[in-house]
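Remember, it's a predicted structure, so these values are computed and weren't measured experimentally. Here is the naming used below: chain letters follow the sequence lines, and residue numbers restart at 1 for every chain.
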Protein chains: 2
Amino acid sequence: MNFQQLRSVREAVRCGFNLTEVAQALHTSQPGVSRQIRELEQELGIEIFVRQGKRLTGLTAPGRALLPVVERLLTEAQNLHRIGEDFSKGDVGTLSIAATHSQARYALPAVVRDFQARHPGVSLKLHQGSPQQIAQMLVSGEADIGIATQALAEQDPLVALSCYRWTHSVVVPPEHELLQGPLTLQRLAAYPLITYDVGYTGRGTIDDAFHRAGLNMQLVLSAMDADVIKTYVGLGMGVGIVASIAFDEERDQPLRAIDARHLFAINTTSIGLRRGALLRAYAYDFIQSFAPHLKPEIVMQAQATRASAAEPAPL
Amino acid sequence: MNFQQLRSVREAVRCGFNLTEVAQALHTSQPGVSRQIRELEQELGIEIFVRQGKRLTGLTAPGRALLPVVERLLTEAQNLHRIGEDFSKGDVGTLSIAATHSQARYALPAVVRDFQARHPGVSLKLHQGSPQQIAQMLVSGEADIGIATQALAEQDPLVALSCYRWTHSVVVPPEHELLQGPLTLQRLAAYPLITYDVGYTGRGTIDDAFHRAGLNMQLVLSAMDADVIKTYVGLGMGVGIVASIAFDEERDQPLRAIDARHLFAINTTSIGLRRGALLRAYAYDFIQSFAPHLKPEIVMQAQATRASAAEPAPL
DNA sequence: TATCCTTACGGAATTCGTAAGCATG
DNA sequence: CATGCTTACGAATTCCGTAAGGATA
């Protein structure tokens, strides 16, 4: 048994059982991959993949039992390298962060600037994507740290750790009628609305609030980020609903914001990590700088827990 | 990186950093082992072992951080083979159980008999030893399942699961004075006593009880097992204190037993397992047959937890 | 017929054990 | 001076990629 065999198996699952694709991903030849898999199957005395004729089409029962162990083996192998780098390279390396636009634009800049000052040798890679894409990047190992408001705890191999809570604000042009008197869902529903796309930045809690109040939203435009939303509010196309953190009185002149925390449920921004995947020391420092209560030991402890669903019992 | 390198590192620690011994244990040449270790160190960019001149004398800081990961890798590799065997061999294989004499002699026979009937293809190996030896056999992988009343949860790599509770009985020759009137520690202390060796079968709770009552035991003989104890009680050398389960009214004629559950603390017999080490399906069946409340999923869940002491933080 | 996996084969790289060298207690 | 690790070297094995073969949608 060797790691190349394990990599072949993992990649075969990820590539939808197309060994040609696996070979490209692993920078090797297709017959090589085929061999690796067959040799592992032979050594273990089982068939890992279902074969229809010569094509692989899925995992067998033994294969399903095997897969989580294979994933753990490869994760631990990477952990060894991470430990090696932590001691040999110290504060030099790469940190890959995947975040939604909201986080990257409003929550991260201060943290990133401080981090760069403390760890000048670390090259930061900031990826942007939907919460689903972020989760996918974590699972595949493309990203070390994911930051989003939802969907990070939905996959078994991931853990989510709560960082901070926030609420929405309503954004309107200056001297808008909504600036007079108390803000209610009823009044809001009377205007054309501009807010986040479904799946982004607490859009769920907005929909929920209107739905529960029995009101229909007149959504004229939805966008992935607050900057776009504010731009169209500035054009007079409607009333915006954005994360409070995304509005700055000075920068966003001449728009005005109205606190809407009483209208929509509180949102929680979380950090997502891969279970069992040790991070470089500076990554734990980054996390603590983003959420001071997440001390390295606490984060490691959370990562060390295994998904609650027990491994499928063999046989 | 390959598994032979990892095995060399693990074995080097186990063999007290003597690579000659490691080579014997791994059935290979000494220069081979030396090379494996140096190549791994080179790949990871760190020194794993402290070298005084040419000799290895201990682990470096990176080595200490590495070791638990190496152990997990080798455990998971074995898990792969176990899964393979579970599917390919089914109910054929080996089960290695380490137990104290008390367990092997009194608690296990019925379970073992039933197990053999249910799994005729499984070759059972029953090892006997002190709780410390049992723990050691579990850690080294010599034994799959350990059964003892103490010391199984004292090592990080092990989990202990409570199986059943039991108390002691006092064993006396027929028509002994202690058979008259209520049994008390005070009365017991007046006789020469015969019981288990320190570290065996609840001896601790016996010492505790006398100590707390401010009484001195007149210990004339201590032994590892109840059979020896009962033999000397039969010779009139003293009064015996044994686990209640170890006395059978018929078999142990003409001796008499007096229930002593009110004198000594309750003992708990536990099963000990290696964390993260998947067992063959029949092993989980054995456990459930020994302790019906320990269903396979519960046992697996317990094994999946990692030792509470977090990994030493790198750097 | 195009895609995709397997088999076959030959060259290259790796691996491993033996033998010799050298430092240390 | 015996023990224990390293270096050197040559043989054997393993590994891997190319090329050809065959099955399936």
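Taking 4.5 Å as the limit, some side-chain heavy atom of I37(A) sits within range of a side-chain heavy atom of L19(A). Within the 4.5 Å cutoff, the side chain of L152(A) has heavy atoms near those of the I134(A) side chain. Counting heavy atoms from C-beta on, the side chains of Y284(B) and I298(B) never come closer than 4.5 Å. By the 4.5 Å heavy-atom criterion applied to side chains, T100(A) and P131(A) are counted as neighbours.
I147(B) and I97(B) get closest at one heavy-atom pair: CD1-CG2, 4.2 Å.
When the P atom of dC15(D) is taken as reference, atom CG of L26(A) falls 16 Å away, rounded to whole Å. Here dT24(D) presents its P atom at 14 Å from CG of L56(A), a figure rounded to the nearest Å. Between the CZ atom of R7(A) and the P atom of dC15(D) there is a distance of 14 Å, given to the nearest Å. The separation between Q52(A) atom CD and dG22(D) atom C1' is 17 Å, rounded to whole Å. We find that CD of E43(A) is positioned 11 Å from P of dC15(D), with the value rounded to whole Å. Taking atom CZ on F17(B) and atom P on dG4(D), their separation rounds to 15 Å, with Å as the unit. Summarising the geometry, the separation between NE2 on H27(A) and C1' on dG17(D) is reported as 16 Å, rounded to the nearest angstrom. Rounded to whole Å, atom P of dT3(D) lies 12 Å from atom CD of Q24(B).
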Atom pairs, protein N/O to nucleotides 7-9 of chain D N/O, distance under 3.5 Å:
residue: dT7(D); atom: OP2; partner: R38(B); partner atom: NH1; Å: 3.4

Taking only nitrogen or oxygen atoms into account, show me every contact under 3.5 Å that the protein makes with nucleotides 10-13 of chain C, one pair per line with its distance.
none

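Legend: residues meeting salt bridge (charged side-chain N to carboxylate O under 4.0 Å, His left out) with R10(A), ordered by chain and number and at least two apart, are absent.
At least one side-chain nitrogen or oxygen of N18(A) sits closer than 4.0 Å to the OP1 or OP2 atom of dC5(C). Look at T28(B) and you'll find a side-chain N or O under 4.0 angstrom from OP1 or OP2 of dG17(C). Within the structure, a side-chain polar atom (N or O) of Q36(A) is placed less than 4.0 Å from OP1 or OP2 of dC16(D). For the OP1/OP2 pair of dT18(C) and a distance below 4.0 Å, the side-chain nitrogens and oxygens of S29(B) include no atom meeting the criterion.
For E43(A), the CD atom is densely surrounded, since the number of other residues' heavy atoms within 6.0 Å is greater than 12.
Between D197(A) and S222(A), the side chains place a donor N or O and an acceptor N or O closer than 3.5 Å (distance only, hydrogens not considered).
Taking for each of Q4(A) and R55(A) the nucleotide of DNA chain D with the nearest heavy atom, the 5'-most of the two is the partner of Q4(A).
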Review point. Could you walk me through whether E71(B) and R275(B) pass the salt bridge (Lys or Arg N to Asp or Glu O under 4.0 Å) check?
Key: CA-CA 11 Å; E71(B) 298 272 7; R275(B) 284 202 150 83; over 6 Å; no
Review point. Hey, mind stepping through D285(B) and Q288(B) against side chain to side chain donor-acceptor pair (under 3.5 Å) and telling me if it holds?
Key: CA-CA 5 Å; D285(B) 182 60; Q288(B) 192 171 11; over 6 Å; no
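Counting any heavy atom pair closer than 4.0 Å across all strands shown, G32(A) reaches no nucleic acid atom. Contact annotation for F49(B): no contact, since no heavy-atom pair falls under 4.0 Å across all strands. Contact annotation for T20(A): backbone-only contact, meaning every heavy-atom pair under 4.0 Å involves sugar-phosphate atoms and none involves a base.
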